[in-house]
Amino acid sequence: MARSKSSSRWLARHLSDPFVKQAQKDGYRSRSAYKLIELNEKDRLLRAGMRILDLGAAPGGWAQVAGKLVGRKGRVLATDILPMDALSNVDFIQGDFTEDATLQQLLAWLDSGKFDLIVSDLAPNISGIASADQAASMHLLELALHAAQQTLLPGASFVAKMFQGSGSEQFLKELRTHFTKVSVRKPAASRKESQEVYLVAKGFKSPE
(Lines give C-alpha, C1' and ligand atoms only; values in the text may rest on other atoms or scores of the structure.)
Protein backbone atom coordinates (compact mmCIF):
# COMPACT_ATOMS: atom_id res chain seq x y z
CA MET A 1 0.00 0.00 0.00
CA ALA A 2 1.35 3.43 -0.97
CA ARG A 3 1.94 5.89 1.83
CA SER A 4 -0.22 8.99 2.06
CA LYS A 5 1.46 12.37 1.57
CA SER A 6 1.02 13.17 5.27
CA SER A 7 2.59 9.88 6.43
CA SER A 8 5.45 10.32 3.97
CA ARG A 9 6.10 13.83 5.34
CA TRP A 10 6.03 12.49 8.91
CA LEU A 11 8.50 9.72 8.03
CA ALA A 12 10.86 12.15 6.30
CA ARG A 13 10.73 14.54 9.27
CA HIS A 14 11.22 11.68 11.73
CA LEU A 15 14.26 10.27 9.92
CA SER A 16 15.88 13.71 9.66
CA ASP A 17 15.12 14.61 13.30
CA PRO A 18 18.43 15.22 15.15
CA PHE A 19 17.00 13.77 18.38
CA VAL A 20 15.97 10.59 16.57
CA LYS A 21 19.49 10.27 15.20
CA GLN A 22 21.01 11.01 18.62
CA ALA A 23 18.75 8.43 20.30
CA GLN A 24 19.91 5.78 17.83
CA LYS A 25 23.53 6.74 18.52
CA ASP A 26 23.13 6.78 22.32
CA GLY A 27 21.04 3.63 22.46
CA TYR A 28 17.83 5.20 23.75
CA ARG A 29 14.52 3.65 22.79
CA SER A 30 12.94 6.95 21.78
CA ARG A 31 13.73 10.62 21.22
CA SER A 32 11.54 11.44 24.23
CA ALA A 33 14.41 10.31 26.48
CA TYR A 34 16.04 13.70 25.89
CA LYS A 35 12.97 15.49 27.22
CA LEU A 36 13.35 13.81 30.61
CA ILE A 37 17.14 14.28 30.54
CA GLU A 38 16.70 18.04 30.04
CA LEU A 39 13.95 18.29 32.66
CA ASN A 40 16.18 16.48 35.12
CA GLU A 41 19.12 18.77 34.37
CA LYS A 42 16.98 21.84 35.06
CA ASP A 43 14.97 20.59 38.00
CA ARG A 44 17.12 17.89 39.62
CA LEU A 45 14.31 15.35 39.77
CA LEU A 46 16.05 11.97 39.75
CA ARG A 47 18.53 10.62 42.27
CA ALA A 48 20.07 7.28 43.11
CA GLY A 49 17.88 5.12 45.33
CA MET A 50 14.53 6.67 44.38
CA ARG A 51 11.31 4.77 43.69
CA ILE A 52 9.66 6.13 40.54
CA LEU A 53 6.40 5.44 38.71
CA ASP A 54 6.38 5.93 34.93
CA LEU A 55 2.84 6.14 33.52
CA GLY A 56 2.40 5.35 29.82
CA ALA A 57 5.97 4.12 29.61
CA ALA A 58 6.18 2.17 26.33
CA PRO A 59 8.46 1.91 24.43
CA GLY A 60 10.53 2.85 27.49
CA GLY A 61 12.47 6.04 26.70
CA TRP A 62 11.74 7.69 30.05
CA ALA A 63 11.97 4.45 32.05
CA GLN A 64 15.36 3.80 30.47
CA VAL A 65 16.68 7.19 31.64
CA ALA A 66 15.13 6.81 35.09
CA GLY A 67 16.43 3.27 35.54
CA LYS A 68 20.00 4.40 34.88
CA LEU A 69 19.77 7.31 37.30
CA VAL A 70 18.15 5.52 40.25
CA GLY A 71 20.77 2.75 40.06
CA ARG A 72 20.67 -0.63 41.77
CA LYS A 73 19.43 0.81 45.08
CA GLY A 74 16.43 2.43 43.38
CA ARG A 75 13.62 1.03 41.28
CA VAL A 76 11.29 2.20 38.53
CA LEU A 77 7.81 0.81 38.04
CA ALA A 78 6.63 1.34 34.46
CA THR A 79 3.05 0.83 33.28
CA ASP A 80 1.43 0.87 29.85
CA ILE A 81 -1.40 -0.80 27.99
CA LEU A 82 1.21 -1.77 25.36
CA PRO A 83 4.00 -4.30 25.95
CA MET A 84 7.51 -3.09 26.79
CA ASP A 85 10.84 -4.92 26.63
CA ALA A 86 12.80 -5.34 29.87
CA LEU A 87 15.14 -2.63 31.19
CA SER A 88 17.70 -2.53 34.01
CA ASN A 89 16.27 -1.42 37.38
CA VAL A 90 12.77 -1.29 35.88
CA ASP A 91 9.73 -3.44 36.65
CA PHE A 92 6.80 -3.42 34.24
CA ILE A 93 3.05 -3.87 34.60
CA GLN A 94 1.11 -4.15 31.36
CA GLY A 95 -2.35 -2.72 31.86
CA ASP A 96 -4.44 0.42 32.23
CA PHE A 97 -3.43 2.21 35.43
CA THR A 98 -6.97 3.60 35.76
CA GLU A 99 -8.43 0.09 36.07
CA ASP A 100 -8.64 -1.62 39.47
CA ALA A 101 -6.71 -4.76 38.48
CA THR A 102 -3.68 -2.72 37.40
CA LEU A 103 -3.97 -0.41 40.41
CA GLN A 104 -3.93 -3.39 42.76
CA GLN A 105 -0.74 -4.69 41.12
CA LEU A 106 0.80 -1.24 41.50
CA LEU A 107 -0.13 -1.04 45.20
CA ALA A 108 1.20 -4.56 45.78
CA TRP A 109 4.52 -3.50 44.22
CA LEU A 110 4.66 -0.51 46.58
CA ASP A 111 4.10 -2.82 49.58
CA SER A 112 2.56 -0.02 51.70
CA GLY A 113 5.24 2.44 50.54
CA LYS A 114 5.01 5.54 48.35
CA PHE A 115 6.77 6.94 45.28
CA ASP A 116 9.45 9.65 45.37
CA LEU A 117 8.51 10.75 41.85
CA ILE A 118 5.79 10.08 39.29
CA VAL A 119 6.42 10.86 35.61
CA SER A 120 3.86 10.75 32.82
CA ASP A 121 4.41 11.19 29.10
CA LEU A 122 0.86 10.02 28.41
CA ALA A 123 -0.97 11.09 25.27
CA PRO A 124 -4.32 9.86 23.92
CA ASN A 125 -4.81 8.11 20.61
CA ILE A 126 -5.28 10.97 18.18
CA SER A 127 -8.66 11.14 16.46
CA GLY A 128 -7.91 14.22 14.37
CA ILE A 129 -10.75 16.13 16.01
CA ALA A 130 -8.91 18.84 17.94
CA SER A 131 -11.52 19.44 20.64
CA ALA A 132 -11.96 15.72 21.33
CA ASP A 133 -8.20 15.11 21.40
CA GLN A 134 -7.67 17.99 23.84
CA ALA A 135 -10.45 16.75 26.11
CA ALA A 136 -8.97 13.25 26.07
CA SER A 137 -5.48 14.52 26.91
CA MET A 138 -6.77 16.60 29.82
CA HIS A 139 -8.71 13.60 31.12
CA LEU A 140 -5.53 11.49 31.11
CA LEU A 141 -3.73 14.28 32.96
CA GLU A 142 -6.43 14.40 35.63
CA LEU A 143 -6.17 10.63 36.06
CA ALA A 144 -2.38 10.85 36.37
CA LEU A 145 -2.74 13.53 39.06
CA HIS A 146 -5.25 11.36 40.90
CA ALA A 147 -2.73 8.50 40.89
CA ALA A 148 -0.09 10.89 42.21
CA GLN A 149 -2.35 12.02 45.06
CA GLN A 150 -2.82 8.40 46.10
CA THR A 151 0.77 7.19 45.89
CA LEU A 152 3.27 10.07 46.30
CA LEU A 153 5.33 10.69 49.41
CA PRO A 154 4.86 14.09 51.09
CA GLY A 155 7.28 16.54 49.45
CA ALA A 156 7.65 14.33 46.36
CA SER A 157 7.46 15.43 42.71
CA PHE A 158 5.20 14.92 39.69
CA VAL A 159 6.13 15.48 36.04
CA ALA A 160 3.56 15.25 33.26
CA LYS A 161 2.97 16.20 29.66
CA MET A 162 0.17 18.68 29.00
CA PHE A 163 -1.19 19.98 25.71
CA GLN A 164 -1.97 23.67 25.97
CA GLY A 165 -5.58 24.42 25.12
CA SER A 166 -9.03 24.10 26.62
CA GLY A 167 -8.78 23.08 30.27
CA SER A 168 -5.02 23.55 30.62
CA GLU A 169 -5.15 26.75 32.70
CA GLN A 170 -7.73 25.23 35.05
CA PHE A 171 -5.55 22.17 35.49
CA LEU A 172 -2.53 24.33 36.31
CA LYS A 173 -4.52 26.07 39.04
CA GLU A 174 -5.56 22.72 40.48
CA LEU A 175 -2.00 21.39 40.35
CA ARG A 176 -0.75 24.39 42.33
CA THR A 177 -3.12 23.54 45.16
CA HIS A 178 -1.40 20.17 45.59
CA PHE A 179 2.27 21.17 45.18
CA THR A 180 4.39 23.98 46.57
CA LYS A 181 6.07 24.80 43.23
CA VAL A 182 4.88 24.22 39.66
CA SER A 183 6.96 25.07 36.58
CA VAL A 184 6.03 24.83 32.89
CA ARG A 185 8.84 23.58 30.65
CA LYS A 186 9.32 23.20 26.89
CA PRO A 187 12.34 20.91 26.37
CA ALA A 188 14.41 21.30 23.22
CA ALA A 189 13.35 17.80 22.12
CA SER A 190 9.69 18.88 22.14
CA ARG A 191 8.84 19.94 18.61
CA LYS A 192 8.25 23.68 18.30
CA GLU A 193 4.98 23.27 16.43
CA SER A 194 3.56 20.99 19.13
CA GLN A 195 1.31 22.39 21.86
CA GLU A 196 2.90 20.03 24.37
CA VAL A 197 4.62 21.35 27.46
CA TYR A 198 5.81 19.56 30.58
CA LEU A 199 4.63 20.38 34.07
CA VAL A 200 7.17 19.97 36.84
CA ALA A 201 5.44 19.98 40.23
CA LYS A 202 7.56 19.76 43.39
CA GLY A 203 6.72 19.55 47.06
CA PHE A 204 3.61 17.39 47.18
CA LYS A 205 1.18 18.50 49.89
CA SER A 206 -0.04 15.19 51.24
CA PRO A 207 -3.66 15.30 52.46
CA GLU A 208 -2.76 12.84 55.22
Side-chain angles (χ1 to χ4, degrees), residues 32-33 35-40 42-58 60-71 73-82 84 87 89-100 102-124 137-163 168 171-172 174-185 187 196-208:
S32 68
K35 298 175 185 179
L36 184 58
I37 289 169
E38 182 177 329
L39 292 171
N40 186 54
K42 286 185 177 179
D43 295 288
R44 299 180 181 180
L45 298 161
L46 297 107
R47 302 183 305 278
M50 294 180 80
R51 291 210 292 181
I52 297 172
L53 174 62
D54 183 359
L55 298 172
W62 281 30
Q64 189 176 14
V65 172
K68 288 181 179 179
L69 293 175
V70 301
K73 293 184 178 180
R75 204 70 185 174
V76 178
L77 178 61
T79 69
D80 203 294
I81 59 174
L82 299 173
M84 189 181 88
L87 287 164
N89 306 324
V90 178
D91 296 319
F92 179 65
I93 296 173
Q94 185 173 354
D96 184 340
F97 77 95
T98 68
E99 294 181 354
D100 189 62
T102 305
L103 178 61
Q104 292 307 313
Q105 291 182 69
L106 188 156
L107 293 174
W109 185 92
L110 275 172
D111 191 23
S112 301
K114 295 287 182 79
F115 291 109
D116 300 290
L117 170 67
I118 293 178
V119 297
S120 170
D121 200 23
L122 282 167
S137 69
M138 295 309 302
H139 181 59
L140 282 176
L141 200 49
E142 289 280 1
L143 293 172
L145 176 58
H146 182 65
Q149 289 174 273
Q150 292 180 294
T151 58
L152 274 181
L153 282 166
S157 301
F158 173 64
V159 177
K161 175 158 62 183
M162 180 179 76
F163 292 94
S168 58
F171 182 81
L172 265 173
E174 180 184 357
L175 193 62
R176 289 184 173 117
T177 68
H178 299 293
F179 293 85
T180 58
K181 182 181 179 182
V182 177
S183 303
V184 180
R185 306 291 192 204
E196 75 173 18
V197 293
Y198 287 84
L199 307 179
V200 178
K202 304 177 100 174
F204 176 57
K205 304 173 187 177
S206 175
E208 299 176 359

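The residues of the chain are indexed from 1 along the displayed sequence.
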Given 3.5 Å as the limit, does a donor-acceptor pair link the side chain of [X] with the main chain of [Y], or not?
X: N89; Y: R75; value: no
X: T180; Y: K202; value: yes
X: D91; Y: L77; value: no
X: D116; Y: M50; value: no
X: T102; Y: D96; value: yes

* Asked: Is any side-chain N of the basic residue among D43 and R185 closer than 4.0 Å to the acidic one's carboxylate O?
  ->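 Judged by the 4.0 Å cut-off on N to carboxylate O distance, D43 and R185 do form a salt bridge.
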What's the shortest heavy-atom distance between [X] and [Y], and which atoms?
X: L172; Y: V182; result: CD2-CG1, 3.9 Å
X: M138; Y: S168; result: CE-CA, 3.8 Å
X: L106; Y: I93; result: N-CD1, 3.8 Å
X: E142; Y: E174; result: OE2-OE1, 3.1 Å
X: V76; Y: G67; result: CG2-N, 3.8 Å
X: A144; Y: S120; result: CB-OG, 4.2 Å

Hey, what do you get for [atom1] ([X]) to [atom2] ([Y]), rounding to the nearest 0.5 Å?
X: S157; Y: L39; atom1: OG; atom2: CG; result: 11.5 Å
X: K205; Y: Q149; atom1: NZ; atom2: CD; result: 12.0 Å
X: L107; Y: K114; atom1: CG; atom2: NZ; result: 10.0 Å
X: R51; Y: T151; atom1: CZ; atom2: OG1; result: 10.5 Å
X: L53; Y: L110; atom1: CG; atom2: CG; result: 8.0 Å
X: W62; Y: I52; atom1: CH2; atom2: CD1; result: 11.0 Å

* To do: Give the intermediate values and the outcome of side chain to side chain contact (heavy atoms under 4.5 Å, CB included) for residues L145 and H178.
  => CA-CA 9 Å; L145 176 58; H178 299 293; 4.1 Å; yes
* To do: Please report the C-alpha distance between Y198 and D121 in whole Å, then the side-chain angles of each, then the deciding distance to 0.1 Å, and finally whether the side chain to side chain contact (heavy atoms under 4.5 Å, CB included) criterion is met.
  => CA-CA 9 Å; Y198 287 84; D121 200 23; 2.7 Å; yes
* Pair W109 and F97, ring centroids less than 6.0 Å apart ->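 No, too far apart.
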Would you call [X] and [Y] a side-chain contact if the rule is heavy atoms closer than 4.5 Å?
X: D54; Y: T79; answer: no
X: F171; Y: M162; answer: yes
X: V119; Y: L55; answer: no
X: F115; Y: L153; answer: no
X: V159; Y: I118; answer: no
X: K161; Y: E196; answer: yes

* Asked: So with a 6.0 Å cut-off around NZ of K181, is the heavy-atom count from everything else above 12?
  ->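 No - once you tally the heavy atoms of other residues, nucleotides and ligands closer than 6.0 Å, there are 12 at most.
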* Around atom CZ of R176, are there more than 12 heavy atoms of other residues, nucleotides or ligands at under 6.0 Å? ->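 Yes, the 6.0 Å shell around CZ holds more than 12 heavy atoms from other groups.
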* F92 and L87: side chain to side chain contact (heavy atoms under 4.5 Å, CB included), yes or no, with the steps? -> CA-CA 9 Å; F92 179 65; L87 287 164; over 6 Å; no
* Give the ring-plane orientation class for F179 versus F204, where under 30° counts as parallel, over 60° as perpendicular and anything between as tilted. =>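 Tilted.
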